[in-house]
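As structure tokens, the structure follows; a few thoughts come after it.
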Amino acid sequence: MTRDRNAGTLRRLPAQKRSAERFERLLDACAELLDEVGYAALTTKEVARRARVPIGTLYQFFSDREGLIGALAARNLESFLERVTDRLEREAPEGVPGIVDVTVDEFVTMRRTITGFGVVDFGMAGQDHILEPTLDNNTAVAGRLRQLLTASLTGGQDDAELEIAVRVALECADSVLQLAFRTDPQGDSQLIAECKRVLNSYLKDRLRGRLSGRS
């Protein structure tokens with residue numbers, strides 16, 4: 001599996017259990033070091049040492065540290081989508097407010113609890129094509145979220161109108177939540193609430209008449 005250089009390069013995915021365990025250990029070590037030393041000081045040599053994996057094994061999976069970052073961002077996104085999906089299925093939240101609460105709350109929880117997430121969530125400043133070679137990170141995330149939330153938001157009706165609505169909502173959420181975590185390392189609760197308020201108002205207005213039965 002090869003990706004565009006701007007997105008970092010993942011040389012291959014693990015095919016066996018032992019390889020998968022090493023792959024995950026490398027990502028865990030990368031996340032730990034990002035929290036401890038930051039991206040600028042991150043080296044593949046130290047990641048391999050921390051993961052107790054030969055450096056040659058690291059390079060079997062990743063061509064460079066950008067490949068590590070890309071794989072970590074992709075793992076974070078998959079975990080986030082799984083968490084949101086699980087909450088939606090368990091709780092069946094009411095309309096836009098319920099969906100916004102679930103989505104924002106799961107992001108905030110991950111930011112507070114997942115190692116390295118504050119440095120690399122689904123992307124990283126200065127690396128705009130980590131997830132997809134042809135899409136900037138937020139557009140890639142918005143596309144995945146739209147696929148996940150279409151049934152809940154519009155009863156399955158997906159079109160260009162929903163695409164732009166989710167993209168704009170994501171950009172708004174990204175900016176306000178970044179501000180919330182700059183203000184308070186645990187996320188300023190008032191700003192998180194304002195993020196939800198903005199998203200609720202925008203989505204309910206933008207999708208008026210198309211919402212799935214409830215608002």
Side-chain angles (χ1 to χ4, degrees), residues 1-84 106-148 167 170-171 173-175 177-179 181-182 185 187:
M1 178 177 178
T2 302
R3 303 169 98 178
D4 180 88
R5 181 63 181 79
N6 291 333
T9 303
L10 181 62
R11 285 182 163 156
R12 70 177 179 88
L13 289 168
Q16 299 178 342
K17 181 179 179 180
R18 184 182 181 194
S19 294
E21 290 172 348
R22 288 184 168 187
F23 186 88
E24 293 300 321
R25 288 214 309 270
L26 286 165
L27 294 186
D28 290 342
C30 179
E32 291 171 4
L33 288 164
L34 285 170
D35 268 356
E36 294 172 15
V37 304
Y39 176 73
L42 183 75
T43 66
T44 54
K45 180 178 179 180
E46 183 58 21
V47 170
R49 188 198 67 78
R50 176 69 64 91
R52 306 183 306 283
V53 168
I55 189 68
T57 299
L58 182 149
Y59 285 118
Q60 289 177 13
F61 298 123
F62 311 102
S63 66
D64 49 28
R65 67 174 181 169
E66 284 73 26
L68 274 165
I69 295 298
L72 181 62
R75 184 174 76 169
N76 286 341
L77 178 57
E78 294 306 320
S79 178
F80 171 70
L81 294 173
E82 288 172 6
R83 293 168 69 120
V84 171
E106 287 305 318
F107 180 89
V108 169
T109 297
M110 290 184 71
R111 180 65 186 263
R112 288 171 174 168
T113 61
I114 301 298
T115 303
F117 198 79
V119 182
V120 174
D121 44 30
F122 316 132
M124 195 174 70
Q127 296 191 33
D128 294 331
H129 295 80
I130 283 179
L131 294 169
E132 296 288 344
T134 60
L135 300 175
D136 66 83
N137 298 328
N138 276 359
T139 299
V141 174
R144 295 293 303 279
L145 273 175
R146 191 176 87 251
Q147 293 172 12
L148 174 63
R167 286 182 65 188
L170 180 67
E171 292 290 344
D174 186 37
S175 295
L177 291 174
Q178 284 189 41
L179 176 61
F181 281 93
R182 286 200 305 271

According to the side chain to side chain donor-acceptor pair (under 3.5 Å) rule, which pairs have a member within residues 33-44, sequence neighbours left out?
-> E36-R50, Y39-R65, Y39-E66, Y39-Q127, T44-Y59
Please name all residues satisfying side chain to side chain contact (heavy atoms under 4.5 Å, CB included) with R75, sequence neighbours left out, ordered by chain then number.
-> E24, L27, D28, L72
Heavy-atom distance under 4.5 Å between the side chains of N138 and R167, does that happen here?
-> no
Report yes if the side chains of V141 and D174 come closer than 4.5 Å at any heavy-atom pair, otherwise no.
-> no
Got a sec, which residues hit salt bridge (charged side-chain N to carboxylate O under 4.0 Å, His left out) with E82, two or more places apart in sequence or on another chain?
-> none
Hits for side chain to side chain contact (heavy atoms under 4.5 Å, CB included) against A51, two or more places apart or cross-chain, chain-then-number order -> R25, L26, A29, V53
Residue pairs fulfilling salt bridge (charged side-chain N to carboxylate O under 4.0 Å, His left out) with at least one residue in residues 109-119, sequence neighbours excluded = none
Residues which pass salt bridge (charged side-chain N to carboxylate O under 4.0 Å, His left out) with R83, listed by chain and number, not counting sequence neighbours | E106
Excluding sequence neighbours, so at least two apart, what forms salt bridge (charged side-chain N to carboxylate O under 4.0 Å, His left out) with R182?
-> none
Looking at CZ of R144 and CG of L170, how far apart are the two atoms once the value is rounded to the nearest 0.5 Å?
-> 13.0 Å
Apply salt bridge (charged side-chain N to carboxylate O under 4.0 Å, His left out) to E171 and list each qualifying residue two or more places apart in sequence or on a separate chain.
-> none
Shortest non-hydrogen pair, G123 vs A73, comes out as N-CB, 4.0 Å
Heavy-atom check, side chain of D121 versus side chain of M110, under 4.5 Å | no
Residue list, side-chain hydrogen bond (donor to acceptor under 3.5 Å, both in side chains) with Q147, at least two apart or on another chain = none
Of all heavy-atom pairs linking S19 and F61, the shortest is O-CZ, 3.7 Å
What pairs with E21 under side-chain hydrogen bond (donor to acceptor under 3.5 Å, both in side chains), at least two apart in sequence or on another chain?
-> none
Correct closest heavy-atom pair for H129 and L135 would be CD2-O, 3.1 Å
In this structure, CG of L81 is separated from CG of L145 (nearest 0.5 Å) by 6.0 Å
F117: partners by ring-ring contact (aromatic ring centres under 6.0 Å, His included), with sequence neighbours left out | F107, F122
Taking only residues two or more places apart in sequence or in another chain, which ones pass side-chain hydrogen bond (donor to acceptor under 3.5 Å, both in side chains) with N76?
-> none
Closest contact, heavy atoms only, C30 versus L42 = SG-CD2, 3.9 Å
Separation of N137 CG from M124 CE (nearest 0.5 Å) = 9.5 Å
